[in-house]
Every structure is written in C-alpha cells, then in structure tokens.
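Report on the structure given below.
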Amino acid sequence: MNDQMRVRLDKMNELRQEGIDPFGHAFKRTYLAKQLHAEFNDLDKEAIEDLGKKAIIAGRMVAKRGKGKVGFADIMDRTGRIQIYVRKDVVGEENYHIFKRSDIGDHLGVEGDIIKTDMGELTIRATHITFLSKALRPLPDKFHGLQNKEQKYRQRYLDLISNPESFDRFQKRTKIISAIRSYLNNEMDCTEVETPVLHNQAGGASARPFITHHNALNIDLYLRIALELPLKRLIVGGMERVYEIGRVFRNEGMDQDHNPEFTELESYIAYFDFKDVMDETEGIFKAAANAVTDDGKVTYEGEEIDFSKPFARKHMVDAIKEVTGVDFWKEMTIDEARKIADDHDVQYEPYWKVGHIINAFFEKFVEDTIKQPTFIYGHPVEISPLAKKNAEDPRFTDRFELYISGTEYGNAFTELNDPIDQRERFEAQAAEKDAGNDEAQGIDEDFIEALSYGMPPTGGLGIGIDRLVMLLTDAESIRDVILFPTMRPEDNSQPEE
RNA sequence: GAGCCGUUAGCUCAGCCGGUAGAGCAUCUGACUUUUAAUCAGAGGGUCGGGAGUUCGAACCUCCCACGGCUCACCA
C-alpha cells in the first residue's frame, strides 16, 4: 500500500458517500473512438460545429490535463483514443467535481458534442460525465509505457493498456489466424476439427511430453506434442480435407523462439502431393500477410519481406549448388561425401550418411541466405523419416520446408500411408526410446490399425502459428505474440516433494 | 543446460572512489475557461529483489538465494 493507493481508496469512498457506485453499471455507447476519427477527422472545426452531432463514449481515462474550471482528458477504448473537454459551466458543479476527482486509469462514460478544438483535435465536449469504474492502482508511465519485460509478460493487461504496439500486435494475431481459417475453409474446402489434447501416448513428433494423470481411469495421460496422428485417422475416416489450429505442448527448453505451449496449424489433404501442398501453403501465407498489410509486404528485423510475388521453389540440391558450386546430384559414396565436407569445413558425425551431409551443407551455407519466401524441397531420405520417398530418385523425399528470412516457417510432405512401413518406423523409434531417448515415440498400435484400413495418398502440412505471427508483426520474442507466456511463479515456494 | 548482464519511489531511469537516497512522469495542496508528455508554485512518497558477510560505515565490495533479460547449443 503506497500513498497513491491510499488516495484512490479515499476517492472510492468519497464516491460512495456521494451516492455513486465506484464500480458502476452497464453503459450504452453511440460511438467508438475509431468511428469518431473516421467520420469527423477530415472535417474542419466549423463544418463539425454546423453538423451539431452528439456522441456517447466510454473507456479508460489514460491522460488528464486540468486547467481550473475546465479540463481535458483522453479516453481510450478498444479502438483507440478520443479527447474529451469538460467545462464546469456546462456539466455543472457536482458533475465537474466527479471529473476533477477522477484518476488516470478510471473508466468514464461521456456524453457530449462532437467538436474540434482550436488546435484542430477532434474532441467530445462533455455535457455529462458518468463514473463507471475506479482504478485503485496507478497506471504505468503515460509516456514511456511499461518497459519492464518481466512485468509486461506477467501483467499483460498493463502492457495492453500502456503499449499500443503490443495491443495492435495481438489484434493482428487474431486477424492472421482468422484469415488462415477463412482461406482453408473457403479456398481449400477443408473441415476444421478438434482432436484430443490428452493422449494415451505422445506421438507425431520427436519431443518430450508433459505427463498428467486421470484419477477416474487411474492412468497417466500425455499432453499432445503434435496434431498429426488424430488428423490422419480422420483422413482414413474419409474426411479427406481436415485441419486443426491448436495448442501443443513440449516439455523442453524455452527461449525467444520457444514457449512450452504453442499453437500449431496442421492440415491434411487427401490426393494432394507435396507440390499441391506448396500451393496451399503459399495461399495460407499470402492470406495471412494480406490480413495485416495492404500490399503483402512486411518489415522483419529491418528487412522487407514480400509475400505478394510467387514464392520461389528450389530443390535442396540445386540450392546448395547455386551457393557453393557443390553438386550433390552425382551419385556418391559416403567417403566421397566426407571428402567434400572436409574441403568445405563441414563437420559430420561418424554415423552420418550422404543425406545428412547434404542437409548439413544446406544448413551451413544456404539457410541464412534465403530472405524472401522460398520452398526448399526434396530433403534427403535420411533426415525425413515420416515422408514418402520420391518415385524417380529414392535418395530424396517428397518433402518441403518454407524458408523466410533464414528461418523455417513450414514443413510438409507426402504422408507415409503404408501401415507395414509405419510399424517398422515406430519400432525403430521404440528401440530408441528403450535406449534412453525420451524424445522418441512409442508404437501407436491404434494408429497402425487405422492405416491398415487404407489411407489415401495425402499431403500434410505443419506451420508454427506463433512464429508466423512474429514474422508478420516484427516481434523479437515468441513471448511478444503469446498473451500469457509461461513464466516461473514469482513466489517460487513449491510444495515439498 | 553454460556464459554475461539486470533487479533503486506506482512507472521510466540516474546514483562517481564505500560516507545517512535523486530526477522526470504519476500523487497531494494552491493558481489557471481550448489543453494535448499542459504550465507555474509548494509538498509527500523508498525493507535500494531477499539473506548473510567484510567494514567505524554498504544501493555500491564478497558469498548464497530468487526472479528476469541477452548470447550460445537442441527442439516449432
């Protein structure tokens, strides 16, 4: 309790004594701030006066400039700010007193005339103030906003109140996801589905899961690490085109690009190959970019990214050849590949095969050079255990990743639909798990059974939504695009084990 | 996980070589009928993240703890 809170508590009690509920009631508005600006900003002072229009607004008072028997304040609603002008001789002594005693942070309803001041600012000249809600704590600095990153994440509401760029970013996040949904529903004729978050075993990716317990069944359950396996079951079930935008959970480290829970989009479309999925992916990214820009161009970390042009499409081997001159199309032995790696200072592990070395070349020399949206396809089979081999060249798979600004934003392939092959790959994973790799998956018998009823050839796609939002809103941390990022509790006193 | 840095008033930040804690905004009192980071005059506000140590004396030095940030490796 500090002096400011004491003062505000006193003012709250003062309101009660005056018969005013400090935590107010419903209030009908006729205008939002943005509507006022859109409708009247272009008119001059006299034109607005001639119109003689009235407005009723409501919001949080975020700035106040008193001037004796008259005062100005800025009222903020979800669409922006609008100035109010309160005159004692207009609203009357009692009503002016309420305004005079109200603090920055309080919610007010204001009825008045729409005017422009001598300085040319659109303003509501109050005829009556309605007190709506008391703020018992002071807001962050009106000019600097809330800068403390920890506090921004822990008390997001304060960040949203005082940092408009953060508020806008979360509005954009919603628009982006909404545009993606609309594209998949309307352009791709997909069905959006919801699949379980609680899994009997964590599959569909390599990651450590969170484990929880169900009391009634007395079994451990896993929070999902991917959407993949349930969605493929729906492809078996004949839904043909499905997608889910959902939260997945990975019990791993956290940093600027990783939050323990994050939002993934996965889509599966029957009878698509990976080239069709490229078209789909390009459509998704263009729809997302168009949701938050006029021209499909965004600036990310100082670089302009253009989503409006067709995305480049390159085979991984061609991309490496362009940058380094090394041609991995040639058939080669592992010894020959190692020699090339040595010549180019590329490190490798003893168990690596040619495909691993090709991938290492890509990561070392090519990845960072890709700025504009580019599909890299044809990943080596050794690094793509879930993708189908290419029919013409079985060294490579029908897989692609979308790279933008040196970072991967989507991963897709023609899905494995051979239940016998799938069982073998699961068994290999299970062996790894027994050997101590707690990121390896177990055997999902139920999934194999589903596949054995016949899954059509299918193109699958996964996109990390949070990172896409980061890219489109120029955010430097994943925590800037997740409203309530995972934080260690401030009071770290955990119950004894 | 490793390294580096940070934590001072409600917020944003200063604080030198260890010598009894500072500014701006915000708050309070007063003045002010078109201000807009309003202005002017005055005032109040601090467990300097927590704990221990060194010292005559610690925001400052040492150690431990907590939380956070950044960089680096792995994962989306």
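What you see is a predicted model; the values in this text were computed from it and never measured. Numbered from 1 within each chain, the chains take letters A, B, ... in sequence-line order.
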ask   = For the residue pair A:Phe361 and A:Phe365, does the interplanar ring angle fall in the parallel (under 30°), tilted (30 to 60°) or perpendicular (over 60°) class?
value = tilted
query = Where the side chain of A:Leu146 is concerned, which of B:A38, B:G69, B:U12 is the nearest nucleotide?
reply = B:U12
query = Should the pair A:Phe375 and A:Phe311 be assigned to parallel (<30°), tilted (30 to 60°) or perpendicular (>60°) ring geometry?
reply = tilted
message = Quick check on B:G68: is either OP1 or OP2 less than 4.0 Å from any side-chain nitrogen or oxygen of A:Arg488?
response = yes
key: Modelled atom types, side-chain donor and acceptor of A:Asp89 and A:Tyr96, under 3.5 Å   = no
remark   = In Watson-Crick or G-U wobble terms, with both distances under 3.5 Å, the base opposite B:U54 is none
request  = Using Watson-Crick or G-U wobble geometry with both distances below 3.5 Å, tell me the partner of B:U33, or none.
outcome  = none
ask   = Judged by modelled atom types alone, do A:Gln151 and A:Tyr153 share a side-chain donor-acceptor pair under 3.5 Å?
value = no
Interatomic distance, A:Ile305 atom CD1 to A:Tyr300 atom OH [nearest 0.5 angstrom] = 9.0 Å
ask   = Which one, B:C11, B:U33, B:G69, comes nearest to the side chain of A:Lys149?
value = B:G69
ask   = So what does A:Gly68 touch, heavy atoms closer than 4.0 Å: a base, only the sugar-phosphate, or nothing?
value = base
query = Looking for any heavy atom pair under 4.0 Å, which part of the strands does A:Lys67 touch: base, sugar-phosphate only, or nothing?
reply = base
task = Give A:Gln151 one of three labels, base, sugar-phosphate or nothing, depending on what nucleic acid heavy atoms sit under 4.0 Å from its own.
result = sugar-phosphate
task = If B:A66 has a Watson-Crick or G-U wobble mate with both distances under 3.5 Å, name it; if not, just say none.
result = B:U7
task = Remember a base hit wins even if backbone is also touched, and classify A:Gln147 as base, sugar-phosphate or nothing at under 4.0 Å, heavy atoms.
result = sugar-phosphate
ask   = Among the nucleotides B:G68, B:G69, B:U34, which one has an atom lying closest to any side-chain atom of A:Arg479?
value = B:G69
query = Given that A:Tyr153 and A:Ala73 both sit by RNA chain B, which one's nearest nucleotide is further toward the 5' end?
reply = A:Ala73
query = Can a donor-acceptor pair be found between the side chains of A:Tyr268 and A:Glu266 at a distance below 3.5 Å?
reply = yes
Closest nucleotide among B:G44, B:U29, B:U27 to the A:Asp3 side chain = B:G44
query = With sugar-phosphate meaning primed atoms plus P, OP1 and OP2, does A:Asp257 contact a base, only sugar-phosphate, or nothing at under 4.0 Å between heavy atoms?
reply = base
task = Among the candidates B:C67, B:C13, B:G69, find the nucleotide nearest to the side-chain atoms of A:Glu150.
result = B:C67
query = Could a donor-acceptor pair under 3.5 angstrom be found where the side chain of A:Asp141 meets the base of B:G24?
reply = yes
task = Drop me the distance from A:Asp480's CG to A:Arg173's CZ, to the nearest 0.5 angstrom.
result = 11.5 Å
key: Ring-ring centroid check A:Phe413 A:Phe274, cutoff 6.0 Å   = no
inquiry  = If you only use heavy atoms from C-beta on, which nucleotide in B:C67, B:A37, B:C25 is closest to the side chain of A:Arg154?
reply    = B:C67
remark   = Of the candidates B:C28, B:U34, B:A26, the side chain of A:Lys142 sits closest to B:A26
query = How would you label the contact of A:Arg137 with the nucleic acid (heavy atoms, under 4.0 Å): base, sugar-phosphate, or nothing?
reply = nothing
task = May I ask you to verify if any side-chain N or O of A:Arg65 is less than 4.0 angstrom from the OP1 or OP2 atom of B:A38?
result = yes
note = Against the side chain of A:Gln4, the closest entry in B:A37, B:U36, B:U27 is B:U27
query = Contact class for A:Asp10 (heavy atom, under 4.0 Å): base, sugar-phosphate, or nothing?
reply = nothing
A:Glu121 side chain, from C-beta outward: closest of B:G68, B:C11, B:U35 = B:U35
ask   = For B:U27, what is the paired nucleotide under Watson-Crick or G-U wobble rules, both distances under 3.5 Å?
value = B:A43
message = How many whole angstroms separate atom CD1 of A:Ile104 from atom C1' of B:U35?
response = 14 Å
inquiry  = Taking any heavy-atom pair under 4.0 Å as a contact, classify A:Tyr409: base, sugar-phosphate, or nothing.
reply    = nothing
key: Side-chain H-bond candidate by donor/acceptor type, A:Glu244 with A:Thr195, under 3.5 Å   = yes
request  = Please work out which residues in residues 125-133 of chain A have a non-hydrogen atom less than 4.0 Å from an atom of RNA chain B and list them by number.
outcome  = none
inquiry  = Quick check on B:C60: syn or anti? Syn means the glycosidic torsion is within 90 degrees of zero.
reply    = anti
task = Rounded to the nearest 0.5 Å, what's the gap from NZ on A:Lys364 to CD on A:Gln347? Could you check?
result = 6.5 Å
key: Nucleotide forming a Watson-Crick or wobble pair with B:A2, both distances under 3.5 Å   = B:U71
inquiry  = Starting the side chain at C-beta, find the nucleotide from B:U27, B:U36, B:G10 nearest to A:Lys11.
reply    = B:U27
request  = Please confirm whether any donor atom in the side chain of A:Asp255 sits under 3.5 Å from an acceptor in the base of B:C74, or the reverse.
outcome  = yes
task = For A:Asn148, answer base if it contacts any base atom (sugar-phosphate contacts may also be present), sugar-phosphate if it contacts only those atoms, and nothing otherwise; contact means non-hydrogen atoms under 4.0 Å.
result = sugar-phosphate
message = Looking at the base of B:G10, is there any donor atom on it, or on the side chain of A:Asn2, that sits under 3.5 Å from an acceptor on the other one?
response = no
query = When rounded to the nearest Å, what value does the distance between P atoms of B:C61 and B:A14 take?
reply = 16 Å
ask   = A:Gly145 near the nucleic acid: base, sugar-phosphate alone, or nothing, with a heavy-atom cut-off under 4.0 Å?
value = sugar-phosphate
